[in-house]
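Presented below is the structure to which this report refers.
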Amino acid sequence: MAGAGGRRKVTVIGAGMVGGVVAQMLAMRDYADVVLVDVVEGMPQGKALDMMQMGTLIGFDSNITGSNGYDESAGSDVVVITSGIARKPGMSRDDLLRTNMGIVESVTKQIVPGSPNAIIVVVSNPLDAMCHVAFDAAGFRRERIIGMAGVLDSARFRTFIAMELDVSVEDVTAMVLGGHGDTMVPLSRYSTVNGIPIPELMTADRVAAIEQRTASGGAEIVSLLKTGSAYYAPGMSVVEMVDSLLLDKKRVVPCSVLLKGEYGIMNLFVGVPVKLGANGVEQIFELELTESERAALKQSSGAVKELVEAMAALKSKPAA
Ligand SMILES: NC(=O)c1ccc[n+]([C@@H]2O[C@H](COP(=O)([O-])OP(=O)(O)OC[C@H]3O[C@@H](n4cnc5c(N)ncnc54)[C@H](O)[C@@H]3O)[C@@H](O)[C@H]2O)c1
């Protein structure tokens, strides 16, 4: 379905740091109108107006609308969910899980009636768990609920490989599997510099160090920023996914998708390589894994399962 003026329409829910970058970078692509939704009064409207004025300087014609409601989002082709809160001092993991579950469930239920054909890209953390929440609340087929994590994690991996080898990032490809968190599985064997696997270009120690830095890539930035978490690369990772969906580019990138037996994993959102096109997830690629890679993926999907079970327990136990 087309947005106002015949353009495609993308709604970004949560006009915070990540949502702002997604809206800005998408508007600069100049093929879609963007609707920014947030609960904070005036803020999405203010950011939208600011971005529209930037359009005159850059030369894009995308229309950006800010709103505190969902009317403007009707007929969206893609909806990006970035709404949520960060963990505050004194807040338990369960408190955070309960709050973000509630937010993601509520925004999904509000988006679906006006945009029944949308593809939903989930960004809110804990990522894989929030994909389950959006999937249950939307009632869409699994092809249309996609979690953003692997694109970012592999961008981080690519950055560290390029820095280590002093080569152009353009020649580096990288693959990361698993849940979005400490248990993610950077796959060096499938990461290359123009086709040359990186284990042939650096020592095993350096490979291990870069894999470790990738797995804690988010935490490294949080500890530097002191408040808040990364948003430039996360925002741009979302835009890369939206490009592939709306321009039907059929990029092959790691995303969190609901597995139904692939990799021996059943009914869990876990990051694996997929093809993204006009129909959402158009193919799931099953890589040959070594014993230890398979074990690491199992451990990572186990961490997602624990969160799903924690959410089920929280649902049956009302908030204190
Ligand atoms: N998947 C990833 O790789 C990845 C990367 C970076 C950040 N994140 C996650 O993305 C989320 C957003 O991060 P951020 O830095 O932009 O945070 P932020 O606090 O800057 O923005 C979140 C926004 O959501 C809004 N919000 C809260 N409840 C809402 C509701 N019910 N409806 C609409 N808007 C609502 C807030 O007002 C706020 O503006 C966080 O959960 C963060 O952990 C995920």
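One is the number of the first residue; the rest follow in order along the sequence. First listed ligand is number 1; within each ligand, the first listed atom is number 1.
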Verify the distance criterion only: is there a donor paired with an acceptor across the side chains of [X] and [Y] at less than 3.5 Å?
X	Y	value
Asp33	Ser62	no
Glu211	Ser188	yes
Glu240	Ser244	no
Asp153	His180	yes

For [atom], what is the nearest protein heavy atom, given as residue, atom name and distance?
atom	result
atom 1 (N) of ligand 1	Met148 O, 2.8 Å
atom 21 (O) of ligand 1	Gly16 CA, 3.3 Å
atom 19 (O) of ligand 1	Gly84 O, 4.4 Å
atom 35 (C) of ligand 1	Ser83 CB, 3.4 Å

Considering only heavy atoms, does [X] approach ligand 1 within less than 4.0 Å through its side chain, its backbone, both, or neither?
X	answer
Asp153	neither
Pro234	side chain
His180	side chain
Ser237	neither
Val18	both
Val39	both

Does ligand 1 come near enough to [X] that some N or O of the ligand is less than 3.5 Å from an N or O of the residue?
X	answer
Ser106	no
Asn125	yes
Val123	yes
Ile103	no

* Pairs where residues 13-61 contributes a residue and the test ring pair (Phe, Tyr, Trp, His ring centres under 6.0 Å) is met, not counting sequence neighbours -> none
* To do: Could you tell me whether atom 17 (O) of ligand 1 has at least one protein heavy atom nearer than 4.0 Å?
  => no
* Heavy-atom gap Met130 to ligand 1 smaller than 4.0 Å -> no
* Asked: Quick one: does Ala230 get within less than 4.0 Å of ligand 1, heavy atoms only?
  -> yes
* Salt bridge flag under 4.0 Å for residues Asp243 and Lys249 -> no
* To do: Under the side chain to side chain contact (heavy atoms under 4.5 Å, CB included) rule, collect the residues that match up with Thr108, sequence neighbours excluded.
  => Ile81, Val104, Val112, Ile120, Ala134, Ala137, Ala138
* Residue pair Tyr70, Thr11: steps toward the side chain to side chain contact (heavy atoms under 4.5 Å, CB included) verdict -> CA-CA 9 Å; Tyr70 287 80; Thr11 291; 5.7 Å; no
* Candidate with minimal heavy-atom separation from atom 38 (C) of ligand 1, of Val107, Asp38, Val222 -> Asp38
What are the atoms of ligand 1, with element, lying closer than 4.0 Å to any heavy atom of [X]?
X	value
Met43	39 (O)
Val40	37 (O)
Ser124	10 (O), 41 (O)
Leu127	1 (N)
Thr82	11 (C), 12 (C), 22 (C)
Leu152	3 (O), 5 (C)

* **ILVMFWY network linking Val252 to Met236, side-chain heavy atoms under 4.5 angstrom** => no
